[in-house]
Amino acid sequence: MGVNNTDSDKTQEEEQQDLPKVVLFRPPPAFSLIGEESFASNKFHFLKAYDSHLPLDQFLSTHSHSIKAILSSGDPAPVNADILQLLPEVGVVVTTSAGLNQIDIPECRRRGIKIANAGYVYSADVADLAVGLLIDVLRKVSASDRYVRQGLWAAKGNYPLGSKLSGKRAGIVGLGNIGYEVAKRLEAFGCFVSYNSRKKKPCVSYPFYHDVCELAANCDALIICCGLSDETRHMIKKQVLSALGKEGVIVNIGRGAIIDEKEMVRCLMQGEIAGAGLDVFENEPNVPKEFFAMDNVVLSPHRAVRTPESLKDLSELVVGNLEAFLSNKPLLSEYVDSE
Ligand SMILES: O=CC(=O)O
């Protein structure tokens with residue numbers, strides 16, 4: 001006599017197989033940092049392309065009709081036209097990153113695919129680190145820490161003085177969520193904030209510079225807070241660094257390639273700018289070795305967005321976005337082009 005497999009007889013694994021699939025091309029760093037279980041849901045099932053022995057295109061073709069969403073976790077796994085073409089049922093790309101430079105946005109728009117990013121969850125952490133890097137560069141915190149540890153205080157006397165944050169002219173490049181949080185913090189520290197953005201923001205009274213070179217010429221610290229796009233790649237080039245000048249410092253918590261890194265190294269080596277605080281680099285995790293010998297440069301391994309607190313908020317947002325999409329509800333942090 002045959003046995004009818006009713007729904008209640010299904011194993012948990014079989015039940016999961018019936019759920020809509022969300023494909024992942026690489027493990028999001030947040031999985032190992034706060035545990036994959038924080039991203040679990042009974043509304044969808046993660047399909048991990050990186051666990052398969054099949055080449056990616058073959059893997060995607062095999063599952064193409066059950067994959068409804070992509071969970072992207074930034075470089076180096078692009079969501080491009082070739083990938084999207086293999087996944088006709090995908091209606092949303094949810095990303096664990098604040099930056100969207102790994103996603104072919106025009107191709108998503110062309111296919112009617114929605115995009116949800118990390119929204120505001122990282123803004124405070126990134127802004128805190130931007131200010132931390134700036135204070136460190138100006139007041140030589142890391143450099144004097146090294147000096148004390150090496151026993152040089154007792155052997156050689158005092159370390160050279162740093163420079164005051166309050167009263168500095170801070171130029172924010174990119175006044176989105178993160179840039180705005182940086183601006184608020186620096187204002188509270190007594191800095192004079194001005195900014196450059198694609199458009200002047202009606203909601204703030206900070207002076208606006210349409211030209212980033214002009215902004216650099218009128219500030220002591222340039223803080224790079226924008227995303228990477230064709231428009232912003234190497235936007236901070238020789239002319240901008242020269243305009244920032246010998247006393248100027250730069251902080252980058254956006255993306256490495258927004259600055260022409262070779263040119264920045266040259267300017268730092270020749271004293272054409274005074275210092276840098278960098279969380280992002282052009283060819284991560286490789287960092288130009290010239291930086292290692294520079295006491296006026298503070299280096300951070302692309303950690304600005306990551307605290308356990310923000311990652312917990314991220315997991316709720318990611319699951320919320322995917323569940324909303326699968327229930328035909330509005331996304332919680334939909335990316336809209338005019339932002
Ligand atoms: O840099 C990190 C991110 O974009 O989330």
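Counting convention: from 1, in listed order, for ligands and their atoms alike.
Close N/O approach between Thr96 and ligand 1 is not found [any backbone or side-chain N/O within under 3.5 Å].
Under the 30°/60° scheme for interplanar angles, the aromatic rings of Tyr206 and Tyr195 are found to stand perpendicular.
Less than 4.0 angstrom separates some heavy atom of His302 from each of these atoms of ligand 1: 1 (O), 2 (C).
Side chain to side chain, Asn321 and Ser333 meet the donor-acceptor criterion of an N or O pair below 3.5 Å. For the residue pair Ser66/Glu89, the side-chain donor-acceptor check at 3.5 Å is not satisfied.
Heavy atoms from other residues, nucleotides or ligands lying under 6.0 Å from OH of Tyr159 number more than 12.
Residue nearest to atom 5 (O) of ligand 1, selected from Gly99, Ala304, Ala98: Ala98 (by heavy-atom distance).
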